[in-house]
Number of protein chains: 2
Amino acid sequence: MASKSSIASSLTNQLRTAILSGSFAPDSRLRLEELGASYGVSLSPVREALLRLCGEGFVVSEDQRGFRVAQASLRNLQEVIALRAILEPYALRESIDQGDVRWEESLVAVFHRLTRIEQKDGFVPFIAEWERAHREFHLCLVAGCDMPMLQQICAQLHDQADRYRRLYLTKQPPQRNVAREHVEIVEAVLARDKDRACSLLLEHTRQTGALVHAFMMSANDSAQELK
Amino acid sequence: MASKSSIASSLTNQLRTAILSGSFAPDSRLRLEELGASYGVSLSPVREALLRLCGEGFVVSEDQRGFRVAQASLRNLQEVIALRAILEPYALRESIDQGDVRWEESLVAVFHRLTRIEQKDGFVPFIAEWERAHREFHLCLVAGCDMPMLQQICAQLHDQADRYRRLYLTKQPPQRNVAREHVEIVEAVLARDKDRACSLLLEHTRQTGALVHAFMMSANDSAQELK
DNA sequence: CCTTGTAGGATTTTCGAAATTATTGCGGTC
DNA sequence: GACCGCAATAATTTCGAAAATCCTACAAGG
């Protein structure tokens with residue numbers, strides 16, 4: 001079922017989740033024929049999907065040289081973290097200012113779903129269902145303000161950061177109580193305590209960022225040693 | 001001449017400048033055949049160019065319904081202004097911190113070019129040469145820091161704001177001494193006075209934004225009266 | 001009078017092949 | 001032995017047409 005939309009659209013989503021989940025290594029080439037063959041479509045929709053992902057920053061293209069997965073570097077991770085540190089607190093502040101009851105409702109709803117997933121028996125992170133809900137939760141936090149461009153930028157930055165997390169924290173046991181941090185953020189938001197909510201969110205993204213950063217450095221170090 | 005790059009790339013640039021200069025009205029449909037015919041190319045590169053412009057925010061696409069020029073609204077203009085007010089001063093501060101001598105050089109160079117154009121006999125704003133230099137100047141201001149994503153976002157926001165300026169300030173005589181403001185910004189940057197440079201830049205973009213905003217409101221008002 | 005259904009035309013989307021451009025491997029030269 | 005040109009190969013880019021989808025107008029039914 002599922003397709004009122006075009007092949008290119010659904011392929012865009014498939015490829016995005018594939019890249020986000022690390023199925024394609026950073027900086028690896030994305031050959032059109034290869035992708036077209038493996039997804040059973042012609043070259044045009046593949047091309048279109050990759051072009052869209054270029055706009056989102058997950059893919060880069062060079063004229064006459066095709067497409068590549070965006071490379072992952074320490075410097076880029078730092079930039080993503082820095083930009084999130086500026087924009088997400090700003091967006092959250094605006095959302096708390098302007099967000100109506102419907103926004104609060106959807107935040108509570110998606111947070112409830114996230115919590116239920118975490119409480120299930122045998123829960124482990126990186127399960128697709130949790131990833132989806134977690135992403136939606138973070139997007140919802142900044143969705144209360146009437147600023148579509150800002151929301152889109154926040155979504156892209158979140159996805160970029162998430163790619164690093166899933167690349168470098170693979171099967172790492174959670175080092176801290178992320179669920180607890182989520183609870184506190186929601187409580188502060190519902191209490192309309194802007195300063196507290198923003199600083200909690202800032203700390204939340206900073207800590208994850210720092211952790212990924214540390215793992216990435218150690219991974220790079222051991223890669224260096226192999227030479 | 002002119003083409004080591006693909007047709008799609010050059011078409012992207014042509015269409016972007018056309019949209020930026022107001023040749024296509026906001027929210028107007030962009031028919032593929034029409035564009036292909038008028039530029040003498042097939043549908044594939046047209047499609048590709050429009051897809052890229054989607055990623056830059058100048059075009060929007062809806063599945064199975066083609067492409068449209070991004071619409072221009074007061075709310076969107078406000079958002080662009082707000083985002084510039086956050087990101088450009090931040091980027092300028094980082095640039096002044098990290099920018100090396102080569103950055104200073106290129107800033108001085110492009111500023112000199114801009115000044116020369118303004119001093120020419122019979123200078124009027126909106127001449128393509130000045131627009132190009134002016135754009136480059138503003139991009140150069142934030143190009144000193146090693147943050148490619150931030151620079152790209154700043155470029156997009158600048159272009160978005162510029163579209164509004166060129167849509168609504170058409171043939172308006174300049175209401176203030178923009179050249180003077182540019183000089184002061186450059187002086188502050190070269191003196192490495194971060195606070196002054198950032199507040200000057202902020203004021204500069206704010207004033208232009210407010211002016212465009214005012215003209216857009218009055219244009220909307222008179223449009224309302226026609227009903 | 002308003003709604004619903006249906007044919008026709010217009011437009012987008014997809015395909016498969018041709019044209020253009022990069023890459024690779026090899027032989028020859030300095 | 002290293003470097004350059006040159007063919008052979010592989011990949012991307014573009015084209016033109018076929019397929020799928022949307023929009024409009026018009027007629028029939030409630």
Side-chain angles (χ1 to χ4, degrees), chain A residues 1-19 23-72 152 227, chain B residues 1-19 23-71 152:
Chain A
M1 51 181 191
S3 75
K4 220 340 215 288
S5 59
S6 60
I7 296 179
S9 283
S10 58
L11 188 59
T12 304
N13 293 328
Q14 294 182 61
L15 287 176
R16 185 186 12 245
T17 58
I19 292 174
S23 303
F24 296 101
D27 205 44
S28 61
R29 291 199 66 182
L30 293 166
R31 291 195 188 73
L32 297 170
E33 286 180 295
E34 225 169 76
L35 291 174
S38 78
Y39 286 94
V41 298
S42 180
L43 267 51
S44 308
V46 176
R47 196 175 179 72
E48 174 159 344
L50 292 176
L51 246 350
R52 293 196 199 181
L53 294 175
C54 277
E56 299 177 19
F58 302 116
V59 169
V60 294
S61 83
E62 215 175 336
D63 265 6
Q64 320 285 64
R65 286 194 207 180
F67 300 85
R68 287 175 167 276
V69 177
Q71 57 189 18
Q152 198 194 312
K227 300 195 302 189
Chain B
M1 54 183 174
S3 74
K4 197 52 168 266
S5 59
S6 60
I7 296 180
S9 284
S10 59
L11 188 59
T12 304
N13 293 327
Q14 293 183 63
L15 287 176
R16 186 188 11 246
T17 59
I19 292 174
S23 304
F24 296 102
D27 205 45
S28 61
R29 289 199 65 183
L30 294 166
R31 291 193 189 75
L32 295 172
E33 284 180 296
E34 222 169 79
L35 290 175
S38 80
Y39 286 94
V41 297
S42 180
L43 267 51
S44 309
V46 176
R47 196 174 178 74
E48 174 159 343
L50 292 176
L51 246 351
R52 293 197 200 179
L53 293 175
C54 277
E56 299 176 20
F58 302 117
V59 169
V60 294
S61 83
E62 215 177 335
D63 266 5
Q64 320 284 69
R65 286 193 206 179
F67 300 86
R68 287 175 168 276
V69 178
Q71 58 188 19
Q152 198 194 312

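Values reported hereafter were calculated over all heavy atoms of this structure, with side chains retained and with hydrogens, waters and symmetry mates removed. Here is the naming used below: chain letters follow the sequence lines, and residue numbers restart at 1 for every chain.
Summarising the geometry, the separation between CD on B:E62 and C1' on C:dT13 is reported as 15 Å, rounded to the nearest angstrom. With rounding to whole Å, A:E48 atom CD is found 15 Å from D:dT14 atom P. If you take CG of A:L32 and P of C:dA17, they are 17 Å apart, rounded to a whole angstrom. When the C1' atom of D:dA11 is taken as reference, atom CG of A:L35 falls 13 Å away, rounded to whole Å. Distance B:L43 CG to C:dT12 P: 8 Å, rounded to the nearest Å. For A:F67 and C:dT21, the CZ to P distance is 17 Å, given to the nearest whole Å. The interatomic distance linking A:R31 (CZ) with D:dT9 (C1') rounds to 13 Å, in whole Å. C:dT23 atom P lies 13 Å from atom CG of A:D63, rounded to whole Å.
Between B:R47 and C:dT12 there is no side-chain polar atom (N or O) within less than 4.0 angstrom of OP1 or OP2. Here B:R65 reaches the OP1 or OP2 of D:dC23: one of its side-chain N or O atoms lies under 4.0 Å away.
Between B:L35 atom CG and B:L15 atom CG the span is 6.0 Å, to the nearest 0.5 Å.
Both A:R29 and B:E33 sit near DNA chain C, but only B:E33 has its closest nucleotide nearer the 5' end.
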Residues B:L11, B:V41; criterion side chain to side chain contact (heavy atoms under 4.5 Å, CB included); working and verdict: CA-CA 9 Å; B:L11 188 59; B:V41 297; 4.2 Å; yes
- request: Please lay out, stage by stage, how B:Y39 and B:V46 fare under the test side chain to side chain contact (heavy atoms under 4.5 Å, CB included).
  value: CA-CA 9 Å; B:Y39 286 94; B:V46 176; 6.0 Å; no
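Within 4.0 Å (heavy atoms only), A:L11 reaches no atom of the nucleic acid at all. Backbone-only contact: A:L30 has heavy atoms under 4.0 Å from sugar-phosphate atoms and none from a base.
Counting only residues at least two apart or in different chains, salt bridge (Lys or Arg N to Asp or Glu O under 4.0 Å) contacts with residues 36-50 of chain B comprise A:R47-B:E48, A:E48-B:R47, B:E48-B:R52.
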